[in-house]
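Below is one structure, written out as structure tokens; comments come after it.
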There are 2 protein chains.
Amino acid sequence: MSGQARVADETRERVLEAASALGYQVNMLGRGMNRQRSDLVGIVVRGATDPYRAALFEALLREIDARGLQSLVAEVDDEAALDRTIARFLQYRVSGVLVTSGAPPIALAEQCARLGIPVVALNRAVSIPGVDAVLSDNETGGRLAAEALLQAGCRHLGFLGVEGGTYSGLARSAAFVAALAPALAAGRATFRPLLAAGPGHEAGAAAAARAWDAPLDGLFCASDLLACGFLDGARATGRAAPRDVSIIGFDDVTPAGLAPYRLTTIRQDAAGLAARAAALMLERAEDPARPAVIDVVPVTLVRRETVAGLNEVT
Amino acid sequence: MSGQARVADETRERVLEAASALGYQVNMLGRGMNRQRSDLVGIVVRGATDPYRAALFEALLREIDARGLQSLVAEVDDEAALDRTIARFLQYRVSGVLVTSGAPPIALAEQCARLGIPVVALNRAVSIPGVDAVLSDNETGGRLAAEALLQAGCRHLGFLGVEGGTYSGLARSAAFVAALAPALAAGRATFRPLLAAGPGHEAGAAAAARAWDAPLDGLFCASDLLACGFLDGARATGRAAPRDVSIIGFDDVTPAGLAPYRLTTIRQDAAGLAARAAALMLERAEDPARPAVIDVVPVTLVRRETVAGLNEVT
DNA sequence: ATGAAAGCGCTAACAC
DNA sequence: GTGTTAGCGCTTTCAT
């Protein structure tokens, strides 16, 4: 059944025929047992309901499937659950683990590395030797947002992030401010950070309610969810985009493109991330001793109506 | 390791301690091999990006995990892929298969049944002996929608479904019309079906563009996605809900509750569906010969602004 | 080109 | 209460 046996073609054909006639299915448990590894890949997801996460998750499933592997998945709420989950994956002798949530606890990651099991983190900074990572180009994303807002004539810029801060949010914010630096230094612009209490629409809307105590005409948001929430919150105060404030989100999730929002945003390439993650996983499986790799996947600016004057191609 | 061995407590403790000190992890492949079954449950999903599907999917993951089982998942595009997928699941000797997409091909389902592997279909009509199903109460959903629209004073009703029709859509439509029957017979109302070219927002919006050639003041949609699309499409023609037309959706997905839509809808209980599905699966595992069960999970009317005059509790 | 045998890690059954 | 053994289904290796 392994496809590697040295038998006459005719014999092979006869046995395969018989097998299919009998409805025989290889027992992957037995194969895995014998080969000391399974074709199983563990995927750790968190908040799979969030539209961007769902898209990334789906891309991972497709990618795994396309490579003839089988996904083992676990949704995880907190770090403790992550521990249990990875341990469980280990019990199934997965040939790799893809983590889309939280930084993998160092101990577990090291254990995986020691066992020769590749771990790849998605959209997370990790500095664990032997753990690869693939992330969207937050730097370019932040810069594109800054350039677009400046080009649209905004002078009072803000960044809406989540209280406490996520890795991605911080990276985007830092890149945004860095790209703004010359304008700030020249006194051609101001910048202030805004904080939402959570990552969701509600929190974005709440932030919009109290955003007007100082001038604000250009806002870059850590995610589309926050941006759409802010937009709705702003509308509740009678404001509109881009009339009163230009807004740029991040992710390019489906709802952001729909009629009520038409949000200008930075698109993440979920399929690209997934493909790179799978590739890194397999490469490390071949060469476990290789130094850790951090792969950056390009992002693109999607021009829509929440920023004025962007329709000409730059 | 099985937890069933008859040993002195002290001995057990010592070996467990040693095991954890060594970082030992049971090999579930070996256990599965020996026990002739694994703790693996196969989940078949389709279109996991759709917000309702994503919610159901997440509920299933949680449910499986809560019961100490491990999810094996595959996203599936077409019926052929379903075939391959279920075959693959069989190879891993899953102890059950949960299908959220398409009717499981009879042949495969029968093969599972013969192998004693429970198959549960979610939100699908199945009439395969030995295959259980759990679905939302589309009948009550349709009736609640009809009652709400009539109570709101609508006289020219419509149902927006998807061309070709899905099982759920047809069931909802039929129940809606059935509940309308008395009013129709008495000449107090009219009804007409509307067809969207696809299941998504775009298709709903397109349907709204050509909905006004005949009177329409109350619309029940097969899904929230369609309803929101229709709403946006209607707005593009200068119409609004509930001013010009009352609208009720189905699913209660997150975006439907947000400011731009505030859609009155029928809420499906994803967690309830997942819990029942898991329960049915385990029950059948115990008694494979049991006749097929179809479990119906209650739905509730969520009153929001797209239907007027509903805020008093009925 | 084929057959035979060993062994992957585990657990249930049986002997002590 | 504990030690031993057989065997789950598979693949790889060695012998024919």
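As the structure is a computational prediction, the values presented were derived from the model and not from experiment. In what follows, chains carry the letters A, B, and so on, assigned in the order in which the sequence lines appear, proteins first and then strands, with residues in each chain numbered from 1.
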Problem set entry | Stretch residues 29-37 of chain B: residues that reach within less than 4.0 Å of DNA chain C through a heavy atom | B/Gly30, B/Arg31, B/Met33, B/Asn34, B/Arg35
Problem set entry | Side-chain heavy-atom pair A/Asp137, A/Gln268 within 4.5 angstrom cut-off | no
Exercise. Would you say the side chain of B/Leu225 lies within less than 4.5 Å of the side chain of B/Pro199, judging by non-hydrogen atoms?
Worked result: no
Problem set entry | Separation of atom CD in B/Glu10 from atom C1' in D/dT2, rounded to whole Å | 13 Å
Exercise. Between the two end axes of the helix from C/dA1-D/dT16 to C/dC16-D/dG1, each built from 5 base pairs, what angle do you get to the nearest 10°?
Worked result: 50°
For this session: Check whether more than 12 heavy atoms from other residues, nucleotides or ligands sit under 6.0 Å from atom CD of A/Glu283, and answer yes or no.
Result: yes
Exercise. In whole Å, what is the span from the OH atom of B/Tyr92 to the P atom of D/dC8?
Worked result: 22 Å
Exercise. B/Asn27 has a side chain; which of D/dG9, C/dG9, C/dA1 sits nearest to it?
Worked result: C/dG9
Problem set entry | Aromatic centroids of B/Phe57 and A/Phe57 separated by under 6.0 Å | yes
Problem set entry | salt_bridge(A/Asp39, A/Arg31) N-O dist < 4.0 Å | no
Problem set entry | Residues A/Arg46, A/Asp77: salt bridge by 4.0 Å N-O rule | no
Exercise. Are B/Leu122 and B/Leu98 close enough that some pair of their side-chain heavy atoms sits under 4.5 Å apart?
Worked result: yes
Dump every N/O contact between nucleotides 14-16 of chain C and the protein below 3.5 Å, one line per pair.
unit_1 : atom_1 : unit_2 : atom_2 : d
C/dC14 : N4     : B/Arg6 : NH1    : 3.0
C/dC14 : N4     : B/Arg6 : NH2    : 3.2

For this session: Please examine the side chains of B/Val134 and B/Val120, heavy atoms only from C-beta on, and report whether any two atoms are closer than 4.5 Å.
Result: yes
Problem set entry | Interatomic distance where CE belongs to B/Met28 and P belongs to D/dG9 [whole Å] | 18 Å
Exercise. Is the shortest distance from a Lys or Arg side-chain nitrogen in B/Arg88 or A/Asp65 to a carboxylate oxygen in the other one below 4.0 Å?
Worked result: yes
For this session: Check whether any side-chain nitrogen or oxygen of B/Thr11 sits under 4.0 Å from OP1 or OP2 of D/dG1, and answer yes or no.
Result: no
Exercise. Does the pair A/Arg267/A/Asp251 count as a salt bridge with the N-to-O cut at 4.0 Å?
Worked result: no
Exercise. Considering only D/dG1, D/dC10, C/dT2, which nucleotide approaches the side chain of A/Ala8 most closely?
Worked result: C/dT2
Exercise. Taking for each residue the nucleotide of DNA chain D with the nearest heavy atom, is it B/Asp9 or B/Arg93 whose nucleotide lies nearer the 5' end?
Worked result: B/Asp9
Problem set entry | Close side-chain approach of B/Tyr92 and A/Leu40, heavy atoms under 4.5 Å | yes
